[in-house]
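Order of appearance sets the numbers: ligands from 1, and atoms from 1 within every ligand.
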Amino acid sequence: MENARSTYALLDQYEHRLKAVAGLLNVTENTLRNYLAESGIKVKRANADNPKSPAIRLFDLPKIFEFADYRRRKNSRGTEGKRPVVVAVEIIKGGTAKTTTTGELAVQLQLFGLKVLAIDLDIQANLTHILGYEADLSVEEAEKFGVSHAAIVTGTFATLCKPLLDRRRAVSVDAETLLKRPFGPFGPALIPSDTFFGDLEIAIATTQGPRELTFQKFFRESQEGRIPGLNVGDYDVVIMDCPPHVSFVATNAIAAADIIIAPVRMEAFSVKGLSKLITEIETLREAYPNNVRQPELVILPAYYSINLTRNARMQDKLSQYPGCVAPTLISQSEEFPKSLESYLPLTLTKPRCEAVKQYQAFADFMYKKIRERAKSQKTEGTLL
Ligand SMILES: Nc1ncnc2c1ncn2[C@@H]1O[C@H](COP(=O)(O)OP(=O)(O)OP(=O)(O)O)[C@@H](O)[C@H]1O
Ligand SMILES: [Mg+2]
């Protein structure tokens, strides 16, 4: 199919000007102009077709990631760790902005200069959607919507993990065939999800041995070159979007995580989900004292509204977790559900809006934390 889009995302509808792109990269406009001059990366001019219009530069989304990559190499902004820092976005409560946080952060951390692998661990496949793909789409449907075969989800993390659980029937799939790069080679990579993802839960539940350590084993084997088409050592950070309920998948993600981000909605039920999460971590550590490290917990207050009394009550509840609450918060904003319509994270559709600035402040905090973590892992020299 000619000119078919390779994702569902309306990529060609979004081009940003120099000021917005400098903001996304967190550099001054002059610095970005210098990158433009030195790097030789070509950027479109708005007046290419109409010489009478002003010569404004327009950066398409893949191009913005290309500049982030240029800056990464120029300023050594990666982690150079021996293995990626593993982040799970998790809380045992539905609808708290887990997926939104994973999607915005995956994009923002890549813009900050990290190589990001995002993994959708939820059968709802919402992260897959935010990053541009419709799960469970047939070839015929894809053609009808004007998207190419590249937009089809052909496998998930379950596809990659299942052979590890049953060596006898193992037919390993080349991970490269199912990995998605929605914003081109310089953007974050995604292992998508679809409705067959539930198979993984059953496969883990019925396996022999330490079931909760399957993901750890997967990451270790991947780094040792034993997972065809995927070496997690090529990435600075792996970020996993977890399902909202207790499951082997969620427990496995916790057991593999160096850092757990728990977005909490500013309401009482969310805080209950937090205490369930902490119990879950403790239970795991008791069961596997030699294999599961204490992950660092980062609580992110989300859906922050101007209801001052409720905020004060919630701040009070969160003060039970000293040192764990992120120094930034995310306000309630209708822009998030709106951006879903274009199958893109808000960071890329409205880079200058307040909610994006808030996620950028959080990404800056996480970027520093991930680099510190990678440095200490380097001296420890540990594998998972
Ligand atoms: N700060 C916010 N303000 C308003 N709406 C938001 C905000 N963050 C996320 N949303 C919207 O809330 C809905 C749920 O968010 P999201 O899917 O990220 O939650 P979740 O924790 O992943 O849910 P689930 O438990 O079902 O996986 C989405 O429609 C999303 O666009
Ligand atoms: Mg979700």
Please state which protein non-hydrogen atom is closest to [atom] and give its distance, to 0.1 Å?
| atom | result |
| --- | --- |
| atom 17 (O) of ligand 1 | Thr99 CB, 3.9 Å |
| atom 23 (O) of ligand 1 | Gly95 N, 3.2 Å |
| atom 2 (C) of ligand 1 | Phe336 CD1, 3.4 Å |
| atom 18 (O) of ligand 1 | Thr100 OG1, 2.5 Å |
| atom 31 (O) of ligand 1 | Pro337 N, 3.3 Å |

* Quick one: give me the number of protein N/O/S atoms under 2.8 Å from the Mg ion (ligand 2). =>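 Count of protein N, O, S atoms less than 2.8 Å from the Mg ion (ligand 2): 1.
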Any carboxylate oxygen within less than 4.0 angstrom of a Lys/Arg side-chain nitrogen, looking at [X] and [Y]?
| X | Y | result |
| --- | --- | --- |
| Lys368 | Asp364 | yes |
| Asp236 | Arg72 | yes |
| Arg181 | Glu176 | yes |
| Asp258 | Arg293 | yes |

Verify, without hydrogens or angle tests, whether [X] (side chain) and [Y] (backbone) share a donor-acceptor contact under 3.5 angstrom.
| X | Y | value |
| --- | --- | --- |
| Thr207 | Ile204 | no |
| Arg371 | Gly78 | yes |
| Gln216 | Leu213 | no |

Heavy atom to [atom], shortest distance: which of [options] holds it?
| atom | options | value |
| --- | --- | --- |
| atom 21 (O) of ligand 1 | Lys98, Glu90, Glu335, Gln358 | Lys98 |
| atom 3 (N) of ligand 1 | Ser333, Gly94, Cys242 | Ser333 |
| atom 15 (O) of ligand 1 | Tyr359, Tyr303, Tyr304 | Tyr303 |

* Assert yes or no for the condition that the ring centre distance of Phe67 to Tyr35 is strictly below 6.0 Å. =>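 For Phe67 and Tyr35, the ring centres are not under 6.0 Å apart.
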* **is_close_aromatic(Tyr70, Phe186), centroid dist under 6.0 Å** =>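 Aromatic pair excluded; centres sit 6.0 Å or further apart.
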Which atoms of ligand 1 have any heavy atom of [X] under 4.0 Å away?
| X | answer |
| --- | --- |
| Thr96 | 19 (O), 20 (P), 21 (O) |
| Gln124 | 24 (P), 26 (O), 27 (O) |
| Asp122 | 27 (O) |

Output yes when the distance from some N or O of ligand 1 to some N or O of [X] is under 3.5 Å, and no in every other case.
| X | result |
| --- | --- |
| Ala97 | yes |
| Gln332 | no |
| Leu340 | no |

* Could you state the interatomic distance from CG (Leu329) to CG (Leu318), rounded to the nearest 0.5 Å? ->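 Rounded to the nearest 0.5 Å, the CG-CG separation comes to 10.5 Å.
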* To do: Tell me, please, which residues at least two apart from Glu29 pass salt bridge (charged side-chain N to carboxylate O under 4.0 Å, His left out).
  =>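 Glu29: salt bridge (charged side-chain N to carboxylate O under 4.0 Å, His left out) contacts with Arg33.
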* **Partners meeting salt bridge (charged side-chain N to carboxylate O under 4.0 Å, His left out) with Asp174 (sequence neighbours left out)** =>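 With neighbours one apart ignored, the set is empty.
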* Quick one: side-chain contact (heavy atoms from CB on, under 4.5 Å) partners of Phe365, sequence neighbours excluded? ->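 side-chain contact (heavy atoms from CB on, under 4.5 Å) check on Phe365 returns Val298, Ala326, Pro327, Phe362, Lys369.
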* Asked: Can a non-hydrogen atom of Ser331 be found less than 4.0 Å from any atom of ligand 1?
  ->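 Yes.
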